[in-house]
Amino acid sequence: MGVVSGKGGVGKSMTSALLACAMARRGYHCGILDADITGPSIPKLFGIHGRAMADDKGCWPIQSRMGIDVMSINLLVENEEDPVVWRGPVIAGAVKQFWTDVVWKDVDFLFVDMPPGTGDVPLTVFQSLPVDGIVVVASPQELVSMIVAKAVNMAEMMKVPMLGIVENMSYIVCPDCGKHINVFGNSHVDEVAAKHGLPVLAKCPIDPQLAALSDAGMIETYGGEYLEGAADACEKLLKK
Ligand code: ADP
């Protein structure tokens, strides 16, 4: 399952992580392949800082507390603060190895946190992995219509089904009165989704608790069940 976005910082890693948690809670063995090589954030969300080990079977992912298998460039580099300054084809090669040389033992679902954007790097990465479905993450302040159109075109080029759109940072909930405040103005995601015949799988609020848990490496303990619709879409794919 590929998780894509138009640009960085919209919550693509967050969505990949929460979706894997939702599926793990449903009893599936999940993995996350962190293909965002230049901005890897998956290990941090789960509080994983170890070094991945390799043996004659391949390189072993590191398991989160909930049992989600994680592989990321940050589990291979000596110092997780070292930048990765590789060019597109090298990045795509590394991601390909994350698929071919990593022991993804008995995973029911593998979520791929793609490099941001719909340009050369994500496209090459797509070509190096067998992807069964794509979820696009967008925030309301982005040019959602353009981003979704580009993602839809990319999915068509790759002949991979687009499962739907996750709108992140849709609103905040007033802590005093519970009112939803559309910080970035009214969302157009429903119209855009309808235009492409896609479902809106989730609308996630900006939640300070989610940000705090992510910073603390405790994303698995987050209680907001915003991604159940996206989890349903993934589950449907398995049953096909
Ligand atoms: P991307 O993978 O698209 O670059 P991330 O998932 O890493 O984006 O999110 C970027 C930052 O925004 C992170 O610091 C994350 O904690 C924060 N963030 C994302 N979504 C939310 C949300 N719904 N509520 C609060 N903080 C969020």
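A quick note: this is a predicted structure, and the numbers were derived from the prediction, not measured. Each ligand, and each atom within it, is numbered from 1 in the order the structure gives.
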J.: Under 4.0 Å from a heavy atom of Gly11: which atoms of ligand 1 are those, numbered in the order shown and with their elements?
T.: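 Answer for ligand 1: 1 (P), 3 (O), 5 (P), 6 (O), 8 (O), 9 (O).
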
J.: For atom 4 (O) of ligand 1, what's the nearest protein heavy-atom neighbour? Residue, atom name and distance, please.
T.: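 Answer, as residue, atom name and distance: Gly9 N, 2.7 Å.
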
J.: If hydrophobic clusters are built by linking Ile, Leu, Val, Met, Phe, Trp and Tyr wherever their side-chain heavy atoms come under 4.5 Å apart, do Val200 and Leu198 end up in the same one?
T.: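 Yes; Leu198 is reachable from Val200 via cluster members.
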
J.: Identify the closest protein heavy atom to atom 20 (N) of ligand 1: which residue and atom is it, and at what distance?
T.: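 Answer for atom 20 (N) of ligand 1: Asn168 ND2, 2.8 Å.
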
J.: Locate the shortest heavy-atom distance separating Ala24 from Met66; write the atom from each residue and the value.
T.: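 Minimum heavy-atom contact is CB-CE, 3.8 Å.
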
J.: I need the atoms of ligand 1 closer than 4.0 Å to a non-hydrogen atom of Met14, numbered in the order shown.
T.: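 What qualifies from ligand 1 is 6 (O), 15 (C), 16 (O), 17 (C), 18 (N), 19 (C), 20 (N), 21 (C), 27 (C).
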
J.: Asp36 versus ligand 1: do any nitrogen or oxygen atoms come within less than 3.5 Å of each other?
T.: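 No, since none of the N or O atoms of Asp36 sits under 3.5 Å from an N or O of ligand 1.
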
J.: So, Asp69 and His29: side-chain donor and acceptor under 3.5 Å apart, yes or no?
T.: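 Distance-only check passes for Asp69 and His29.
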
J.: Do Trp99 and Val95 land in one hydrophobic cluster if side-chain heavy atoms of ILVMFWY residues count as linked below 4.5 Å?
T.: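 Yes, same cluster.
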
J.: Taking all atoms of both residues into account, what is the closest heavy-atom pair of Asn168 and Val10, and its distance?
T.: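 Reported closest heavy-atom pair: ND2-O, 2.8 Å.
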
J.: Could an N or O of ligand 1 be found under 3.5 Å from any N or O of Val10, whether backbone or side chain?
T.: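 Yes.
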
J.: Output yes when Asp215 and Lys44 qualify as a salt bridge under the 4.0 Å nitrogen-oxygen rule, no when they do not.
T.: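 Salt bridge between Asp215 and Lys44, a charged N being under 4.0 Å from a carboxylate O: yes.
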
J.: Can Val125 be reached from Val3 by stepping across I, L, V, M, F, W or Y side chains whose heavy atoms are under 4.5 Å apart?
T.: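 Each belongs to a different hydrophobic cluster.
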
J.: Parallel, tilted or perpendicular for His180 and Tyr171, by the 30°/60° rule?
T.: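 Judged by the thresholds at 30° and 60°, the geometry between His180 and Tyr171 is parallel.
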
J.: I'd like to know if Arg25 pairs up with Glu220 as an ion pair, taking the criterion as any Lys NZ or Arg NE/NH1/NH2 lying under 4.0 Å from an Asp or Glu carboxylate oxygen.
T.: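 Salt bridge absent between Arg25 and Glu220.
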
J.: Check this for me - ligand 1, Ala211, N or O atoms closer than 3.5 angstrom, yes or no?
T.: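 For ligand 1, there is no N or O atom that lies under 3.5 Å from one belonging to Ala211.
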
J.: How close do Phe109 and Met1 get, heavy atom to heavy atom, and via which atoms?
T.: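 What the structure gives for the nearest pair is CD2-CE, 4.4 Å.
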
J.: Are any of the protein's heavy atoms under 4.0 angstrom from atom 27 (C) of ligand 1, yes or no?
T.: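 So atom 27 (C) of ligand 1 has protein heavy-atom neighbours under 4.0 Å.
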
J.: Decide whether the shortest distance between a heavy atom of Gly39 and an atom of ligand 1 is less than 4.0 Å.
T.: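 In this structure, Gly39 fails to qualify as a contact of ligand 1 - no heavy atom is under 4.0 Å.
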
J.: Is there at least one pair of N or O atoms, one from Ile206 and one from ligand 1, spaced under 3.5 Å apart?
T.: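 No; every N/O pair is 3.5 Å or more apart.
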
J.: Looking only at protein heavy atoms, identify the closest one to atom 24 (N) of ligand 1 and say how far it is in Å.
T.: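 That would be Asp207 N, 2.9 Å.
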
J.: Run the salt bridge (charged side-chain N to carboxylate O under 4.0 Å, His left out) test on Asp232 and Arg26 for me, step by step, so that the C-alpha distance in whole Å, both residues' side-chain angles and the decisive distance to 0.1 Å come before the verdict.
T.: CA-CA 10 Å; Asp232 289 343; Arg26 291 183 183 198; 2.8 Å; yes

J.: Could you check which of Ala17, Pro205, Pro208 puts a non-hydrogen atom nearest to atom 23 (N) of ligand 1?
T.: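 Among Ala17, Pro205, Pro208, the closest heavy atom to atom 23 (N) of ligand 1 comes from Pro205.
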
J.: Provide the number and element of each atom of ligand 1 under 4.0 Å from a heavy atom of Met169.
T.: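 Under 4.0 Å from Met169, ligand 1 has these atoms: 12 (O), 18 (N), 19 (C), 20 (N).
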
J.: Under a heavy-atom criterion of less than 4.0 Å, does Gly8 contact ligand 1?
T.: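 Distance cut 4.0 Å: Gly8 passes for ligand 1.
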
J.: Using a 4.0 Å heavy-atom threshold (strictly under), name the region of Ser13 that reaches ligand 1: side chain, backbone, both or neither.
T.: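 Contact part for Ser13 vs ligand 1: both backbone and side chain.
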
J.: What protein heavy atom lies closest to atom 14 (O) of ligand 1? Include the residue and the distance to one decimal.
T.: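 Going by distance alone, atom 14 (O) of ligand 1 is nearest to Asp215 OD1, 4.9 Å.
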
J.: Do any N/O atoms on Asp113 end up under 3.5 angstrom from N/O atoms on ligand 1?
T.: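 N/O-N/O distance below 3.5 Å does not exist for this pair.
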
